[in-house]
2 protein chains.
Amino acid sequence: MLLSATTENYLKAIYKLNAQTTIVTTNNIALALGTTAPSATDMIKKLALNKLITHTKYRGVGLTAKGNKAALTIIRRHRLWELFLNKVLGFKWDEVHQMAEQLEHVSVPELIERIDQYLGYPKFDPHGDPIPDAMGKIAKHQYQSLLNENSGSLATIVAVTNDDVRFLKQLEKLNLTIGTKITILAKHDFDNAMEIKPMRKPAVTISEALAKNILIQLN
Amino acid sequence: MLLSATTENYLKAIYKLNAQTTIVTTNNIALALGTTAPSATDMIKKLALNKLITHTKYRGVGLTAKGNKAALTIIRRHRLWELFLNKVLGFKWDEVHQMAEQLEHVSVPELIERIDQYLGYPKFDPHGDPIPDAMGKIAKHQYQSLLNENSGSLATIVAVTNDDVRFLKQLEKLNLTIGTKITILAKHDFDNAMEIKPMRKPAVTISEALAKNILIQLN
DNA sequence: AAATAAATTTAGACTAATCTAAAACATTTT
DNA sequence: AAAATGTTTTAGATTAGTCTAAATTTATTT
């Protein structure tokens, strides 16, 4: 079944909100997509009509099995394109998201499968996010936020939960990229700022806003 | 300026018709795009309003400098993607056109420039069509159709003027691909069928419909 | 348990792109 | 040069997606 780019964006947003919040509301969706609540309501009706989501008036939405599968297909395309742009064409990790936002709507199954094959069936994209396989199976990572860790810990940065170019550029500057081993030197109670030392690089101080979006795995 | 995929398709069609016919008419455009004359008329009005084409009622359309530049940008994207899909991802020449039809509407200038660089600034796509450079300059090939050549000639196949999968598959089967050196053994007056011998391959008989879409250069 | 605030939906309108049927214009035939 | 044919345009409607303003429902205060 072929979906419009708009429909695909709604499904993707709902999928992501589903992972973040308990109930996915009209306002959440509108906010995530930079549109208005009435527009979201209209689209929600259409998606429900197409059995892609379930909707109880005034009570929020949920993905059906069909909608979930569709969302994973789009996320698969997005993440494979991101990795392809990064690994093959040499774009930086903060450049690939915006391009993938367009490329993810290109619907040619053989193309995505070929890219997957070309990259050697990778498991993660440049931001550490897992890539769903052709069947829609995805490695649900339960990594924790750096913010929740205490001083003294040794950890490895495994993913980031924000695609904002400014965020990614800042991390790069601080030597806090995916795969970097770090030591948590201190955590300040007042503002939740943290002192982090990346291996073989100088220690840095990062804000709560930054730490929150860095996912780690303890060593 | 950003154009919708529909607008881009209209400009591309008009550009191509411009090269084929003396006047580009509403019907031609509608036919090329698989739509109706009234739809084409409506779009023609909008394109003219945006100064992408000129239009005299009942008299046909022409591209403005702006429209021509836009058309070349789209054709550049299309042909670079075709070559990329063929050379990098290993798709066959009869598979790349349909995929490129979608990819050509992805509008990220740095992406196209990177692909161009990755491929080594190529001059031709897998069907022998010239790729416009970043400035919109295109090598206008004035190759002739195989149909216009007489028996006895030695020539090289340099391009094809049809992207139909069935056409391309048939050529492949007959060993008549881009770059193949051929000898024209005979041309039959009655139905314009031709006897062609590709170098190091068995001679074949081809119909007028086939010969018309094969472009050659005499050796 | 009213009153107020916040979120959601409906109502009605708009743009882009499309269509069929009918009218207007242009070309060709006789 | 009038008639017939063919092409192009207009008229009016439709669908997808969007919006603002108003109405409705749910949640929160007091």
Side-chain angles (χ1 to χ4, degrees), chain A residues 1-14 17-18 20-63 67 70-71 74 101-102 104-107, chain B residues 1-14 17-18 20-63 67 70-71 74 101-102 104-107:
Chain A
M1 171 209 19
L2 65 248
L3 308 171
S4 73
T6 305
T7 299
E8 293 190 339
N9 285 334
Y10 270 88
L11 288 175
K12 195 174 48 144
I14 293 168
L17 288 169
N18 225 356
Q20 286 167 28
T21 61
T22 35
I23 46 162
V24 180
T25 68
T26 303
N27 254 357
N28 287 162
I29 297 170
L31 204 71
L33 293 172
T35 183
T36 62
S39 301
T41 299
D42 286 352
M43 276 303 296
I44 286 169
K45 279 189 201 157
K46 285 180 198 166
L47 294 174
L49 211 70
N50 289 324
K51 310 267 185 231
L52 290 163
I53 63 174
T54 55
H55 180 222
T56 348
K57 266 193 179 183
Y58 297 98
R59 283 278 121 87
V61 306
L63 288 169
I74 300 149
E101 283 290 301
Q102 284 191 50
E104 71 185 5
H105 302 300
V106 171
S107 178
Chain B
M1 171 210 19
L2 64 251
L3 309 171
S4 72
T6 306
T7 298
E8 293 190 339
N9 285 334
Y10 269 87
L11 288 175
K12 195 174 48 143
I14 294 168
L17 288 169
N18 225 356
Q20 286 168 27
T21 60
T22 36
I23 45 163
V24 180
T25 68
T26 302
N27 254 357
N28 286 161
I29 297 170
L31 204 72
L33 293 171
T35 183
T36 63
S39 301
T41 298
D42 286 350
M43 277 302 296
I44 285 168
K45 279 191 201 158
K46 285 180 199 164
L47 294 175
L49 212 70
N50 289 325
K51 309 270 185 228
L52 290 163
I53 62 173
T54 56
H55 180 222
T56 346
K57 266 192 178 181
Y58 296 100
R59 282 280 120 87
V61 305
L63 289 168
I74 301 150
E101 284 289 302
Q102 285 192 50
E104 71 185 5
H105 301 300
V106 172
S107 178

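Each chain gets a letter, A, B and so on, in the order the sequences are listed, and its residues count up from 1.
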Euclidean distance, atom [atom1] of residue [X] to atom [atom2] of [N] [Å, nearest integer]:
{"X": "I44(B)", "N": "dT18(C)", "atom1": "CD1", "atom2": "C1'", "value": "14 Å"}
{"X": "D42(B)", "N": "dT15(C)", "atom1": "CG", "atom2": "C1'", "value": "13 Å"}
{"X": "H55(B)", "N": "dC25(C)", "atom1": "NE2", "atom2": "P", "value": "14 Å"}
{"X": "L11(B)", "N": "dA17(C)", "atom1": "CG", "atom2": "P", "value": "11 Å"}
{"X": "N27(B)", "N": "dC25(C)", "atom1": "CG", "atom2": "P", "value": "18 Å"}
{"X": "K57(B)", "N": "dC25(C)", "atom1": "NZ", "atom2": "P", "value": "8 Å"}

*Of all nucleotides in DNA chain D with an atom under 4.0 Å from a non-hydrogen atom of chain B, which is the first and which the last going 5' to 3'?*
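First and last nucleotides in contact are dT7(D) to dT10(D).
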*Side-chain contact test, heavy atoms from C-beta onward, threshold under 4.5 Å: evaluate it for N50(A) versus T7(A) and give yes or no.*
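No, every pair of side-chain atoms sits at 4.5 Å or beyond.
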_Non-hydrogen side-chain atoms of L3(A) and L52(A) separated by less than 4.5 Å_ =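 Yes, their side chains come closer than 4.5 Å.
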Would you indicate, yes or no, if [N] has its OP1 or OP2 atom less than 4.0 angstrom from a side-chain nitrogen or oxygen of [X]?
{"X": "T26(A)", "N": "dT9(C)", "result": "yes"}
{"X": "K46(B)", "N": "dT15(C)", "result": "no"}
{"X": "S4(B)", "N": "dA17(C)", "result": "yes"}
{"X": "R59(B)", "N": "dT27(C)", "result": "yes"}

*Closest nucleotide of DNA chain D for T36(A) versus for T41(B): which of these residues is on the 5' side?*
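By nearest-heavy-atom nucleotide position, the 5'-most residue is T41(B).
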*Would you kindly compare Y10(A) and K45(B) by the position of their nearest DNA chain D nucleotide and give the one closer to the 5′ end?*
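On the 5' side of the pair lies K45(B).
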*V24(B) and I53(B): side-chain contact (heavy atoms from CB on, under 4.5 Å), yes or no, with the steps?*
CA-CA 11 Å; V24(B) 180; I53(B) 62 173; over 6 Å; no
*Which part of the nucleic acid does T6(A) contact within heavy-atom distance under 4.0 Å: base, sugar-phosphate only, or nothing?*
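Touches sugar-phosphate only.
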_Using a 3.5 Å distance criterion without hydrogens, assess whether the side chain of T54(B) forms a donor-acceptor pair with backbone atoms of G62(B)._
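Indeed, once roles are kept as given, a pair shorter than 3.5 Å links the two residues.
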*Option from N28(A), L63(A), I23(A) for which side-chain contact (heavy atoms from CB on, under 4.5 Å) with N18(A) holds*: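 So the option named by the test is L63(A).
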_Strictly by salt bridge (Lys or Arg N to Asp or Glu O under 4.0 Å), give each pair with a member in residues 23-32 of chain B just once, sequence neighbours left out._
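Sorted result for residues 23-32 of chain B: empty, none.
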